[in-house]
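Everything numeric here is computed off the predicted structure, so don't read it as measured data.
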Amino acid sequence: MRIVLAVFAALALVGCSTGQTVPAVPASSPVVDCAAFPEEPDLPDVLAEGIAQVRLCQEPGNELALVAPPDALVVDADAVARAYNALEVAELATLACPEDFGPAYRLAVAYPDGTVVTLRGEQYGCSLVGNRLGSDAVLTAFGDALWAQRTTQPATPVEPPDDLCRGEASWLVPDLADTVRGVACLPDAAGQLQQRPFSEEDWATLAADAAAHPRTPTPLPPDAVCDALALPTLVGVAATGEVVWVPASCAAYEWGPGRGATHGWEPTGAARTLLEGLV
């Protein structure tokens, strides 16, 4: 079976290589240079398994920059291929997409023989990744596998911005329960967000309540009017330095790593009292 997979991998990669090469021995330290990406990504019909490592980078030229993780995925890197191959193939010639704009990532998928395939994941329009529909699914698969990898191969922490309310968000979004500190973002008289740090104890109260009282995200229509007291936006920081933005949705919170919210929380008890005292 391993021989068959190796042959399939070689065949699937024909014609879709960028020409960039990597060392044959994989390592969690990235060996693919984000600055060396070709202008246009690849559009593989199938992303072969047998991947050595996957690195996530900011898409070149996209001004809506997010912070990329410092480490490459080497443990269960094929999770990215499985997620990609399960998506619907887009009919690019006839595809009609919303004319909005958002951030985009570039995944460098490196194989043991030195071949590198790059995929652009767009967080706008039709959410394309390569020639597939569903950039969130590939981003989530990469993130879940990288978080799991870090339990045995810790990454060098990234440096979070000093002003969390005005700094860049992270491509790799931590779970709120895994954050170690955080701030509330509150508007000043001029409408500019100012950060108000929580004590370690208060932030632990919020993170614990979020874990204990999850809520299925239910996006509100654009013209919705909140009957309940609005809550402040929160920004949490994990021990690895990655940040998670937790925006309020009326009396609850909804957030996630991609365009759509995947996590929800309706604060209760001491956590709710703590948050309502800020607004």
Side-chain angles (χ1 to χ4, degrees), residues 64 66-67 69 102-103 123 136 139-140 143-144 146-148 150-151 157-279:
L64 300 180
L66 280 70
V67 179
Q123 299 290 285
D136 279 1
L139 179 62
T140 298
D144 288 348
L146 192 59
W147 284 120
R150 287 180 175 181
T151 62
V158 297
E159 187 66 30
D162 293 331
D163 189 341
L164 293 172
C165 296
R166 301 185 185 184
E168 297 173 340
S170 302
W171 276 114
L172 191 65
V173 178
D175 190 342
L176 192 59
D178 294 329
T179 56
V180 295
R181 65 181 178 93
V183 303
C185 298
L186 302 166
D188 59 18
Q192 299 295 316
L193 290 179
Q194 304 295 328
Q195 65 179 13
R196 184 180 298 181
F198 290 98
S199 68
E200 184 177 335
E201 180 181 359
D202 284 347
W203 186 256
T205 296
L206 298 178
D209 192 71
H213 299 94
R215 173 179 181 269
T216 301
T218 52
L220 297 172
D223 57 350
V225 177
C226 296
D227 295 327
L229 181 67
L231 297 171
T233 293
L234 305 177
V235 183
V237 183
T240 52
E242 276 105 2
V243 301
V244 53
W245 276 75
V246 186
S249 178
C250 285
Y253 288 99
E254 295 181 355
W255 71 96
R259 300 182 72 182
T262 55
H263 294 74
W265 163 42
E266 188 163 357
T268 65
R272 186 164 202 84
T273 300
L274 180 63
L275 291 168
E276 289 181 345
L278 297 174
V279 294

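Between L274 and W203, every side-chain heavy-atom pair lies at or beyond the 4.5 Å cut-off. Side chains of L186 and L193 form no contact here, defined as non-hydrogen atoms less than 4.5 Å apart. Contact check for R215 versus H263: no side-chain heavy atoms found under the 4.5 Å cut-off. Counting only heavy atoms from C-beta outward, the side chains of R150 and L172 approach each other to under 4.5 Å. Looking at V235 and V244, their side chains never come closer than 4.5 Å, going by heavy atoms from C-beta outward.
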Q | side chain to side chain donor-acceptor pair (under 3.5 Å) between T233 and W245, intermediate numbers included | A | CA-CA 7 Å; T233 293; W245 276 75; over 6 Å; no
**Q.** Stepwise side chain to side chain contact (heavy atoms under 4.5 Å, CB included) test for V237 and T179
**A.** CA-CA 5 Å; V237 183; T179 56; 5.8 Å; no
Q.
Go through it in stages, so that I can follow the logic: the residues are T240 and V158, the test is side chain to side chain contact (heavy atoms under 4.5 Å, CB included), and I'd like the CA-CA distance, side-chain angles, deciding distance and then a yes or no.
A. CA-CA 6 Å; T240 52; V158 297; 5.9 Å; no
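Taking the six-membered ring where the residue is Trp, Y253 and W265 present parallel rings, their angle staying beneath 30° rather than reaching 60°.
Considering every non-hydrogen atom in both L66 and P103, the closest pair reads CD1-CB, 3.5 Å. Taking both residues in full, the closest heavy atoms of P267 and A251 are given as CD-O, 3.8 Å, listed atom of the first, atom of the second, then distance. Nearest heavy-atom pair across V180 and A239 is CG2-N, 3.9 Å. Closest approach of L146 to P69, counting heavy atoms only: CD2-CB, 3.8 Å. Looking at every heavy atom in both residues, A184 comes nearest to C165 through O-SG, 4.0 Å. Across every non-hydrogen atom of P247 and W255, the tightest pair is CD-CB, 4.0 Å.
We find the CZ-OG distance between R181 and S199 to be 13.5 Å, quoted to the nearest 0.5 Å. Separating the CD atom in E168 from the CG atom in L64 is a distance of 10.0 Å, to the nearest 0.5 Å. Taking CG of L278 as the reference point, atom CG of L231 lies at 9.5 Å (rounded to 0.5 Å). Within the model, atoms CD of Q195 and SG of C185 stand 7.0 Å from one another, a figure rounded to the nearest 0.5 Å. How far CG of L275 is from CZ of F198: 5.5 Å, rounded to the nearest 0.5 Å. Atom OG1 of T205 and atom CD of E200 lie 11.0 Å apart (nearest 0.5 Å).
Salt bridge R272/E266: absent, no basic N to carboxylate O contact under 4.0 Å.
Judged by distance alone, with hydrogens and angles left aside, the side-chain atoms of D209 form a donor-acceptor pair with the main-chain N or O of T268 at under 3.5 Å. Between the side chain of D188 and the backbone N or O of Q192, at least one donor-acceptor pair lies under 3.5 Å. In this structure, the side chain of S170 does not engage the main chain of V173 through any donor-acceptor pair within 3.5 Å. A donor-acceptor pair is defined here as one N or O able to donate and one able to accept, closer than 3.5 Å; no such pair exists between the side chain of T151 and the backbone of W147.
Within a 6.0 Å sphere centred on CD of Q194, heavy atoms belonging to other residues, nucleotides or ligands number more than 12.
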